[in-house]
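Report on the following structure.
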Amino acid sequence: QRNKMDAFVRRLRSKHPAVVLLALQQLSLREMTDEIFRILTDHFKKVIPPTEVLGSLLNLFTHSDQAAELGRNLCLHTEHYSASDALHLLRWLRRQKIRADCLPAFLSHSSELVVGGALAMWQPGEGLPDKATLGILLQRKEDAILLPLLRILKREKISPWMLPAIDKIS
């Protein structure tokens, strides 16, 4: 059993995505001990998973109790993901009903579709993004960002400093 664990850890920590995929494909949720899960989540706190590894991870953790922790760790790298990977992660987060603590990380992504997608998932009562992020978002020109942002501003309490920027975009 220990040899199997050591082999899994070596494969997981490989720099080659195909080897990491091999480790993930050999893993099932039935075999997911606390130790393996801790190793997995610690690894992806530090390492940005390539597209194929991200997809395999998201497919492995569908509707599990561990999905929230994994999702939070994967969100640490959102600015480094391609737009398609970030959107894939956003859709997965929506299915897992993981939102409030992960969505702010997507607001600094370079893709307007990713930022707009995160804003569209923003739920009533979650408040507004932080002031610095909000200031940057209010200066954006893309409809994919401004439309969901205006919906959020309409339902949440806005500060007087936002009024000139809102007048400018409306």
Side-chain angles (χ1 to χ4, degrees), residues 12 15-18 20-21 24-25 40-170:
L12 181 67
K15 297 201 183 300
H16 302 287
V20 177
L21 273 175
L24 292 175
Q25 289 167 350
L40 194 65
T41 55
D42 286 349
H43 179 69
F44 289 109
K45 267 185 196 175
K46 302 170 194 156
V47 175
I48 302 164
T51 298
E52 54 276 355
V53 172
L54 179 65
S56 184
L57 270 173
L58 299 182
N59 289 334
L60 182 61
F61 289 91
T62 57
H63 307 294
S64 76
D65 295 336
Q66 298 164 326
E69 185 175 347
L70 178 69
R72 282 189 290 278
N73 288 346
L74 292 173
C75 287
L76 295 172
H77 309 294
T78 55
E79 64 198 32
H80 301 290
Y81 293 141
S82 67
S84 62
D85 285 351
L87 289 168
H88 187 184
L89 181 54
L90 266 175
R91 286 189 298 274
W92 182 82
L93 290 168
R94 182 177 30 235
R95 285 191 304 274
Q96 302 300 319
K97 296 180 175 49
I98 305 166
R99 294 189 177 119
D101 50 350
C102 291
L103 291 180
F106 290 89
L107 300 181
S108 60
H109 197 279
S110 60
S111 167
E112 67 188 70
L113 296 175
V114 172
V115 176
L119 290 170
M121 288 174 57
W122 212 271
Q123 295 294 304
E126 287 181 13
L128 295 170
D130 66 75
K131 189 174 181 177
T133 302
L134 199 52
I136 292 167
L137 292 173
L138 285 168
Q139 293 176 19
R140 299 284 298 256
K141 304 276 186 241
E142 303 94 341
D143 287 345
I145 294 172
L146 293 176
L147 292 174
L149 180 60
L150 286 172
R151 284 187 203 107
I152 293 169
L153 293 173
K154 183 178 177 182
R155 72 175 180 241
E156 302 292 335
K157 185 177 179 183
I158 60 172
S159 298
W161 70 267
M162 296 180 215
L163 293 175
I166 294 171
D167 283 342
K168 191 175 184 181
I169 59 176
S170 48

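All values reported here derive from a predicted model rather than from experimental measurement.
- By the 4.5 Å heavy-atom criterion applied to side chains, Leu57 and Trp92 are not counted as neighbours.
- Inter-residue side-chain proximity for Val115 and Ser110 is flagged as unmet; no heavy-atom pair is nearer than 4.5 Å.
- Of the inter-residue distances, the one linking Ser84 atom OG with Leu113 atom CG reads 11.0 Å to the nearest 0.5 angstrom.
- Using a 4.5 Å cut-off on side-chain heavy atoms (C-beta onward), Leu12 and Phe44 make contact.
- Here the CD1 atom belonging to Ile145 is positioned 11.0 Å from the CG atom belonging to Leu138, to the nearest 0.5 angstrom.
- A distance of 12.0 Å separates NZ of Lys46 from CG of Leu76, quoted to the nearest 0.5 Å.
- The distance from atom SG of Cys102 to atom CZ of Arg94, rounded to the nearest 0.5 Å, is 13.5 Å.
- Counting only residues at least two apart or in different chains, side-chain hydrogen bond (donor to acceptor under 3.5 Å, both in side chains) contacts with residues 123-132 comprise Asp130-Thr133.
- A perpendicular orientation is assigned to the rings of Tyr81 and His77, their planes being inclined by more than 60° (bins at 30° and 60°).
- When all heavy atoms of Pro129 and Leu137 are compared, the pair lying nearest together is CG-CD1, 4.4 Å.
- Across every non-hydrogen atom of Ala118 and Leu90, the tightest pair is N-CD1, 3.7 Å.
- In this structure the side chain of Phe106 never reaches within 4.5 angstrom of the side chain of Leu119, judged on heavy atoms.
- Of the possible donor and acceptor atoms, one in the side chain of Trp122 sits under 3.5 Å from a partner among the backbone N and O of Gly127.
- Val53 pairs with exactly one of Leu58, Val47, Leu24 by the side chain to side chain contact (heavy atoms under 4.5 Å, CB included) rule, that one being Leu24.
- Side-chain contact check for Leu40 versus Asn73: every heavy-atom pair is 4.5 Å or farther apart.
- In this structure, Leu153 CG and Leu149 CG are separated by 4.5 Å, a value rounded to the nearest 0.5 Å.
- Taking both residues in full, the closest heavy atoms of Leu93 and Gly71 are given as CD2-CA, 4.3 Å, listed atom of the first, atom of the second, then distance.
- The nearest pair of heavy atoms linking Pro124 to Arg155 is CA-NE, 3.5 Å.
- For the pair His16 (side chain) and Ala18 (backbone), a donor-acceptor distance under 3.5 Å is absent.
- Here the CZ-OG1 distance, from Phe61 to Thr41, works out to 8.5 Å after rounding to the nearest 0.5 Å.
- Within the structure, salt bridge (Lys or Arg N to Asp or Glu O under 4.0 Å) pairs that include any residue of residues 66-88 comprise Arg72-Asp101 (at least two apart or interchain).
- Across every non-hydrogen atom of Gly55 and His88, the tightest pair is CA-CE1, 3.9 Å.
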